[in-house]
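Taking it in order: structure first as structure tokens, then the write-up.
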Amino acid sequence: MKVFVKWCGESLLRNIFVIRKQVFFAVMLVLSVVATVMLSFPLNAQITPNAALGSELRGVWLTNIDSDVLFERDRLKKSLQRLDELNFNTVYPAVWNWGYTLYPSKVAAKVIGKAIDPTPGLQGRDMLKEIVTEGHKEGLTVIPWFEFGFMAPADSLLAKNRPQWLTSLSNGSRIVKEGTHDRVWLNPFRPDVQQFIQDLIVEIVRNYDIDGIQFDDHFGLPSELGYDAYTVALYKKEHRGQAPSKNPRDPEWVRWRASKITNFMQRVFKAIKATKRDCLVSVAPNPQRFSYEYFLADWQKWERMGLIEELVLQIYRDDLNVFVKELEYPEVKAAKAHIPVSIGILSGLKNRSVPMQQIQTQVQKVRDRNFAGVSFFFYETLWNLTKETSSQRQSGFQQMFAQPAKYPNLITGWKP
């Protein structure tokens, strides 16, 4: 009996060993196959989720402020070619600035008295047509930027020719300081002003093969404005004779004016779509609280109403903790579930250089949270107005955008 039990035990142990050995080899085979498949994916797909999907906004704003990129045909062409070589895919060229259009405009000629900005570098050419033609040739998405919105220089022809169109502060003054500049603002509540702005927008959409058109906070109004006679009378009419609060940030006074601007935004959206259905409506505002309280631009509501098809949120912060905090707000997360939401990153200003390391860190924080992409303000500070060398800066962007990526287009099937 002892011999029999010993034999059974040894036999059982041998069988268990054989089974375990077979299981071990089977597991190793599965792991080997999984590892082979994983390593077959490109490295950047494991680092940047958007790149894995083949889409990521990589944009830059082109402006005529502190920059000469728009003022010479060959320079503009070479700049667009270089952006394409570095795997950028979108440009936002300014088309309405300093009280003038930067393209030949019949609407502007009729109202302002000049068809185009008088800067010598823009004469005898159509800068916007050049960007559309050359940009599309290089595979770039072209979305003109309506930079000044309702704002104009105080000494502009527009302000001089249409003084009745201007709104004012509670003390009667029309001047609002923007840095060292004296600005005035067209009254966004007047039907004639609304028609002028809408005509400019529709003119661009109708006459150019653009991919979209972009607005920002200047499509609102500084909240200290709105005390002109026309607006006060309109408010009284809708409030049983009650005048608006002398406190420009009074909640009801803010809500009423913001609601009027939202109504105009809805009208413009419909006009754009009636002219060219596949023209994207892009908005590049500040974070919601600032946009609403200081510029009466309620982009959160615009987004909920379906009036925004691309959101590029301007988060120009040096403090990384503040930058990240702005990415996490509920209205930002909600928008991400509906439309492509990208982040505007400051690449520098004329007298303020932003180091490449900060830019790369912020881009990575955006990618970590699976936003649709990034856009940089502004072109001249990508690699010209910087403390680092041009080659160092371009090398930094080359590292970030190692592979091409498609523009995340809501109309052509982008999904959150």
Side-chain angles (χ1 to χ4, degrees), residues 96 99 107-108 110-112 146-154 156 158-178 182-203 213 215-272 281 283 285-286 288 290-302 305 307-308:
W96 169 244
V107 174
K110 183 178 178 181
V111 172
I112 301 170
F146 208 72
E147 184 173 1
F148 262 44
F150 288 96
M151 184 174 71
S156 63
L158 177 57
K160 292 174 181 176
N161 291 348
R162 294 289 192 279
Q164 71 277 18
W165 282 9
L166 306 181
T167 186
S168 58
L169 302 164
S170 58
N171 63 7
S173 172
R174 294 171 171 173
I175 305 296
V176 175
K177 282 283 186 182
E178 188 190 47
D182 287 342
R183 306 295 197 206
V184 293
W185 285 75
L186 304 179
N187 186 345
F189 313 118
R190 288 182 63 108
D192 44 5
V193 170
Q194 292 183 353
Q195 193 61 54
F196 168 63
I197 295 296
Q198 181 175 313
D199 288 347
L200 286 176
I201 293 165
V202 170
E203 179 181 53
I213 191 159
F215 312 108
D216 60 21
D217 291 326
H218 292 152
F219 210 67
L221 181 76
S223 54
E224 62 263 41
L225 292 168
Y227 290 96
D228 58 278
Y230 178 89
T231 305
V232 170
L234 183 62
Y235 184 88
K236 285 182 175 180
K237 182 181 178 181
E238 297 184 12
H239 289 79
R240 299 180 180 179
Q242 181 183 349
S245 172
K246 290 295 183 181
N247 173 15
R249 303 231 161 75
D250 174 79
E252 167 57 20
W253 179 219
V254 169
R255 185 208 61 77
W256 183 83
R257 288 172 294 166
S259 178
K260 295 290 185 188
I261 291 171
T262 294
N263 291 343
F264 179 59
M265 181 67 185
Q266 189 173 22
R267 172 181 157 183
V268 167
F269 181 90
K270 290 178 180 177
I272 290 170
V281 176
V283 178
N286 275 279
Q288 169 68 14
F290 185 89
S291 285
Y292 180 73
E293 292 175 17
Y294 290 90
F295 280 99
L296 310 174
D298 192 357
W299 64 255
Q300 182 181 7
K301 187 172 184 179
W302 302 353
M305 292 173 67
L307 304 179
I308 303 177

With side chains defined as the heavy atoms from C-beta onward, is the minimum distance between [X] and [Y] less than 4.5 Å?
X: Met265; Y: Phe215; answer: yes
X: Gln164; Y: Tyr230; answer: no
X: Phe150; Y: Val193; answer: yes
X: Val111; Y: Asn161; answer: no

Apply the side-chain hydrogen bond (donor to acceptor under 3.5 Å, both in side chains) test between Trp165 and each candidate in Asp192, Asp228, Asn187; give the one that qualifies.
Asp192
Option passing side-chain contact (heavy atoms from CB on, under 4.5 Å) with Gln242 (candidates Glu238, Arg240, His239)
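Among the candidates, only His239 passes.
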Under 3.5 Å donor-acceptor, [X] side chain and [Y] backbone:
X: Arg190; Y: Thr167; answer: no
X: Gln288; Y: Asp298; answer: no
X: Arg257; Y: Leu225; answer: yes
X: Thr262; Y: Ala258; answer: yes
X: Ser223; Y: Glu293; answer: yes

Can you name the closest pair of heavy atoms from [X] and [Y] and give their distance?
X: Ser245; Y: Tyr227; answer: O-OH, 2.6 Å
X: Ala243; Y: Lys236; answer: CB-CE, 3.7 Å
X: Val184; Y: Pro153; answer: CG2-O, 3.8 Å
X: Asp216; Y: His218; answer: OD1-N, 2.9 Å
X: Ala154; Y: Ile175; answer: CB-CD1, 3.6 Å
X: Ile197; Y: Gly149; answer: CD1-O, 3.9 Å

Output, in order, the C-alpha distance, side-chain angles, deciding distance and verdict of side-chain contact (heavy atoms from CB on, under 4.5 Å) for Asn247 and Trp253.
CA-CA 8 Å; Asn247 173 15; Trp253 179 219; over 6 Å; no
Rounded at 0.5 Å granularity, tell me how far [atom1] in [X] sits from [atom2] in [Y].
X: Tyr294; Y: Arg249; atom1: OH; atom2: CZ; result: 4.5 Å
X: Leu166; Y: Lys160; atom1: CG; atom2: NZ; result: 12.5 Å
X: Ile112; Y: Leu200; atom1: CD1; atom2: CG; result: 6.5 Å

Stepwise side-chain contact (heavy atoms from CB on, under 4.5 Å) test for Lys270 and Gln198
CA-CA 11 Å; Lys270 290 178 180 177; Gln198 181 175 313; over 6 Å; no
Could you list the residues that satisfy side chain to side chain contact (heavy atoms under 4.5 Å, CB included) with Pro285, not counting sequence neighbours?
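Residues passing side chain to side chain contact (heavy atoms under 4.5 Å, CB included) with Pro285: Asp217, Val283, Ser291, Trp299, Leu311, Leu313.
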My understanding is that only residues two or more places apart in sequence, or in another chain, count here; which of them pass ring-ring contact (aromatic ring centres under 6.0 Å, His included) with Trp302?
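Applying ring-ring contact (aromatic ring centres under 6.0 Å, His included) to Trp302 gives none.
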Between Trp96 and Met151, is a side-chain contact (heavy atoms from CB on, under 4.5 Å) present by the stated rule, with each step listed?
CA-CA 10 Å; Trp96 169 244; Met151 184 174 71; over 6 Å; no
If you count heavy atoms of other groups shown closer than 6.0 angstrom to NZ of Lys246, is the number above 12?
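Open: at most 12 neighbouring heavy atoms sit under 6.0 Å from NZ of Lys246.
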Parallel, tilted or perpendicular, judged at 30° and 60°: which one describes the rings of Phe219 and Phe264?
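Parallel: the ring planes of Phe219 and Phe264 meet at under 30°.
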Does the plane of the ring in Phe295 sit parallel, tilted or perpendicular to the ring in Phe290? Use 30° and 60° as the thresholds.
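Plane angle between 30° and 60°, so tilted.
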Residues two or more places apart in sequence or in another chain: which of them pass side chain to side chain donor-acceptor pair (under 3.5 Å) with Glu203?
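For Glu203 the side chain to side chain donor-acceptor pair (under 3.5 Å) partners, ignoring immediate neighbours, are Tyr103, Ser105.
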